[in-house]
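Note that ligands are numbered from 1 as they come in the structure, with each ligand's atoms numbered from 1 the same way. By convention here, the first residue in the shown sequence is residue 1.
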Amino acid sequence: MSLALNTSYLRDFVSPAELEALEPYVETAHRLLHSRSGQGSEFLGWLELGQNRCLEELARIQAAARQIQKDSQVLVVIGIGGSYLGARAALDFLRSPNYNALPKDTPDILFAGNSLSPDALNETLELCKGKDISLNVVSKSGTTIEPALAFRVFRDLVEKKYGKEGARKRIYCTTDKAKGNLKSLADREGYQCFVIPDDVGGRYSVLTPVGLLPIAVAGCDLQALLDGCAAAERAYANPKLSQNDAYRYAAIRNILARKGKVSEVLVSYEPAFVMLGEWYKQLFGESEGKDGKGLYPTSMCFSTDLHSLGQYVQDGSPILFETVLALKRNRRDFYLEPEAEDFDGLNFAAGQNLSAVNHKAFMGTLLAHVQGGVPNLVVEIEDRSEYTFGYLVHFFEKACAMSGYLLGVNPFDQPGVQNYKTNMFALLGKPGFEEQRKQLEQLLSDL
Ligand code: PA5
């Protein structure tokens, strides 16, 4: 078992009867999901990515990763949102947030096209100077402006450095099988392409080629990752609320939100999980935040953030609950030697491993927050292995789908994301947006 949901600290906040009352709703939502007849059912490919893995595509990804490892010191991954966050989270979780700086025999991995900041772009270009590079541009639609602009710049760089023919061998596109500007360009230029399945939306796509290629370049084991996902798919295919941790988690979120706990903090005690928190925020935020509904997802890394946001969690607006992602086994522990002199009076914390101190910080914080009226759920995970990561990804995705259905929203669309794009295109003068531009300019001059 890679993951266990511990609800024993919730006693004062959620009663067994409240959970039981949700059972029929959960079973209905389960039926809708698994019969593919609920809202957004055209985007349910992620339900079986572990069990239905495409071996041919996997072999191509692994071959491309080996080629990149052989001919590049840097892989630049260009993408945003669901085409960026999963790979970033996986890299930190499976390798390290300091992956690029640590000694290793795999290429550095840089991320670009996830903002419109010239400083960020210039810095990434700077980091590529004098290095052999490959590009992996990731965009399902193939039309997203942030990665598309960054790709122009990096493609130009690669073409100038290696010539058009050389560049062809260093540009890998992950996109739709047939549609979009990126696919047309890739076909025209002869870039190798990996397919994002039609039925998997961006934020559910980390275990498709979107995440798999960069993860493989970092030297991680894709089979173990998908084995973990497949095991979770089987575990969370159980329609019974009491026997399905992903559904129990979703149901508890729903109950807490109805009691005014409308913001969930994903807490961890590991800096390597910070980007997983960013991935989780997109998954739940974009899936649930619509039709005036949805829990507000946020994340904190303790004990770091206990020194910045701890005060708010303990004593601020009573709208929060915490889901703690608790790691059972660190990769490498650190023994704290007691000091003969004990001049700083810290010997009470020494003579043990740092993980034991971290654990006491976790228990002390959990008890203080629970006593302060902040409900706490604990998701215990074994380790930082590929298997566990695959399992965890499916746990959150399945819980998110159930949570969305319980809220009565479509967890697989994102209509609200279009609004800023329309305004930005209009303000930039994109052809076809003339009317909106006039309206926005009027609005701005009225301010
Ligand atoms: O989850 C989503 O659908 C979005 O976050 C997209 O992944 C994001 O907008 C990037 O889109 P694309 O992959 O089409 O460039």
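- More than 12 heavy atoms of other residues, nucleotides or ligands shown are found within 6.0 angstrom of NZ on Lys293.
- Thr144 OG1, 3.3 Å is the protein heavy atom nearest to atom 12 (P) of ligand 1.
- Near Ile80, the atoms of ligand 1 lying under 4.0 angstrom from a non-hydrogen atom of the residue are 7 (O), 8 (C), 10 (C).
- In terms of polar-atom proximity, Gly82 is counted as a contact of ligand 1, with an N or O under 3.5 Å from an N or O of the ligand.
- In this structure, atom 5 (O) of ligand 1 is in close contact with the protein, since a protein heavy atom lies within 4.0 Å of it.
- Residue Ser141 has at least one heavy-atom neighbour below 4.0 Å for each of these atoms of ligand 1: 12 (P), 14 (O), 15 (O).
- By the 4.0 Å N-to-carboxylate-O rule, Glu286 lies too far from Lys281 to be salt-bridged with it.
- Ser385 and Asp383 are linked by a side-chain donor-acceptor pair at a separation below 3.5 angstrom, with hydrogens and angles left out of the test.
- Cation-pi geometry between Lys104 and Tyr99 is met: the NZ or CZ atom falls under 6.0 Å from the ring centre, inside 45° of the normal.
- Distances below 4.0 Å separate heavy atoms of Arg203 from the following atoms of ligand 1: 1 (O), 2 (C).
- There is no side-chain donor-acceptor pair under 3.5 Å between Ser72 and Asp132.
- Below 4.0 Å from some heavy atom of Ser83 lie the following atoms of ligand 1, by number and element: 7 (O), 12 (P), 13 (O).
- In terms of protein heavy-atom proximity, atom 2 (C) of ligand 1 is nearest to Glu286 OE1, 3.2 Å.
- Each of the following atoms of ligand 1 lies closer than 4.0 Å to a heavy atom of Gln414: 3 (O).
- In the vicinity of Ser139, heavy-atom distances shorter than 4.0 Å reach the ligand 1 atoms 12 (P), 13 (O), 14 (O), 15 (O).
- For the 3.5 Å distance criterion, the side chains of Gln223 and Arg53 qualify, holding a donor opposite an acceptor.
- Between the side chains of Glu264 and Thr323, at least one donor N or O sits under 3.5 Å from an acceptor N or O.
- A donor atom on one side chain and an acceptor atom on the other are not found under 3.5 Å apart for Glu126 and Asn122.
- Each of the atoms 1 (O), 2 (C), 3 (O), 7 (O) of ligand 1 lies under 4.0 Å from some heavy atom of Gly202.
- Taking any N or O of Lys421, backbone or side chain, none lies under 3.5 Å from an N or O belonging to ligand 1.
- Using a 4.0 angstrom heavy-atom cutoff, Gln282 counts as in contact with ligand 1.
- Defined by atom type and a distance below 3.5 Å, a donor-acceptor pair is present between the side-chain atoms of Asn136 and Thr174.
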